[in-house]
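For reference, the structure discussed in these notes is given below.
Since we're looking at a predicted model, the values are computed, not measured. Numbers restart at 1 for each chain; the letters A, B, ... are given by sequence-line order, proteins then strands.
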Amino acid sequence: MDKRRVATQVALFGVLGGLTFAAKVAMMAMPNIEPVSLLVMVYAVTLGKKCLFPLYIYVILELLLFGIGIWSIGYLYVWAILAWTTWLLRDMRSPLGWALVAGAFGLLFGALFTPVCLITGGPAFALSWWLSGIPFDLIHGGANFVLILVLFVPLRRLMTRLLAERL
Amino acid sequence: MKKQTKLIPALIALFVVAALMGGLHLASRPSPAAGQKSIEVIVVHSDKSERTFHYETDAQFLGPVLMEDGLVKGEDGPYGLYIKEVDGEVADFAENGAYWALYEGEEYATTGIDTTVIEDGDRYSLVYTLG
């Protein structure tokens with residue numbers, strides 16, 4: 001791969017990571033209604049394994065700006081799980097299918113953090129933490145479902161075209 | 001269209017899971033008890049000094065009791081009341097990652113201060129914590 005192409009890709013991954021973080025911050029006033037799931041899924045189907053670069057740039061920005069705590073451990077793997085799942089289903093074309101994936105991810109978001117709670121506070125704490133966060137998971141699942149149903153297919157098409165033209 | 005129809009069972013399953021989760025949350029939520037309650041709140045400051053406060057209250061949730069007394073100051077955020085100041089000490093997350101952590105007994109609280117249900121004899125700690 002020539003140096004110019006590498007430089008373009010590095011710049012692109014930085015911009016996408018920054019864009020994801022900016023979009024997240026812009027929507028922070030709405031609890032658990034976030035654009036990160038949508039963008040991670042679009043990156044996964046269009047960039048393949050390279051989606052991990054913008055994804056972890058976003059995670060690093062999140063940790064740098066919001067601080068590192070026990071919950072940070074979860075951020076290191078939850079988005080990668082979504083990216084991996086999306087990549088496995090990359091041939092799917094149905095907007096409803098993608099909405100179901102994103103909706104399920106939103107519903108399971110709290111549950112995906114429970115291994116961290118299990119290690120740090122034990123089974124009772126993990127269960128109590130998951131149960132008390134269920135209202136936020138329901139909002140997350142519903143918002144993800146709608147956002148991805150409407151935006152995933154057009155964004156995927158746009159990103160695929162731009163990557164083909166510019167890279 | 002045929003492919004979309006195939007996804008209907010998955011869509012129904014998603015709604016069923018969401019409904020079950022909602023039901024589980026409602027069933028597990030502690031119900032606020034009426035009547036007089038006696039509680040203790042320990043504040044652990046950044047210099048590790050401790051102050052203990054006792055309250056006799058009819059309130060059902062912890063947040064309003066401590067806000068009314070002026071022990072806690074904060075602002076409403078998307079996830080409920082965000083504690084900024086306790087017993088005159090401000091924790092500024094933007095400056096140094098500091099925040100006020102709430103404990104119920106020895107356990108880290110799994111609910112926000114304004115949704116923590118008070119029971120008679122409860123002991124809480126507000127601990128200045130660096131993230």
Only pairs under 3.5 Å count here: list side-chain donor-acceptor contacts from residues 94-103 of chain B, not counting sequence neighbours, and write none if there are none.
unit_1   : atom_1 : unit_2   : atom_2 : d
B:Asn96  : OD1    : B:Ala98  : N      : 3.2
B:Asn96  : ND2    : B:Tyr128 : OH     : 3.4
B:Trp100 : NE1    : B:Glu89  : O      : 3.3

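- Annotation: maximal heavy-atom pairing with chain B below 4.5 Å, among A:Gly103, A:Pro135, A:Ala99, A:Gly121, occurs at A:Pro135.
- In this structure, the portions of B:Tyr108 lying under 4.5 Å from any heavy atom of chain A include both its backbone and its side chain.
- Remark: A:Phe125 CZ is packed, more than 12 non-hydrogen atoms of other residues, nucleotides or ligands lying under 6.0 Å away.
- If you look at A:Phe113 and A:Tyr75, their ring centroids are closer than 6.0 Å.
- For A:Leu138, the part lying near chain B is the side chain, with the backbone staying farther off; criterion is any non-hydrogen pair under 4.5 Å.
- A salt bridge is defined here as a Lys NZ or Arg NE, NH1 or NH2 lying under 4.0 Å from an Asp or Glu carboxylate O, and A:Lys24 with A:Glu34 fails to meet this definition.
- For A:Asp137, the part sitting under 4.5 Å from any heavy atom of chain B is the side chain, from C-beta outward, and nothing else.
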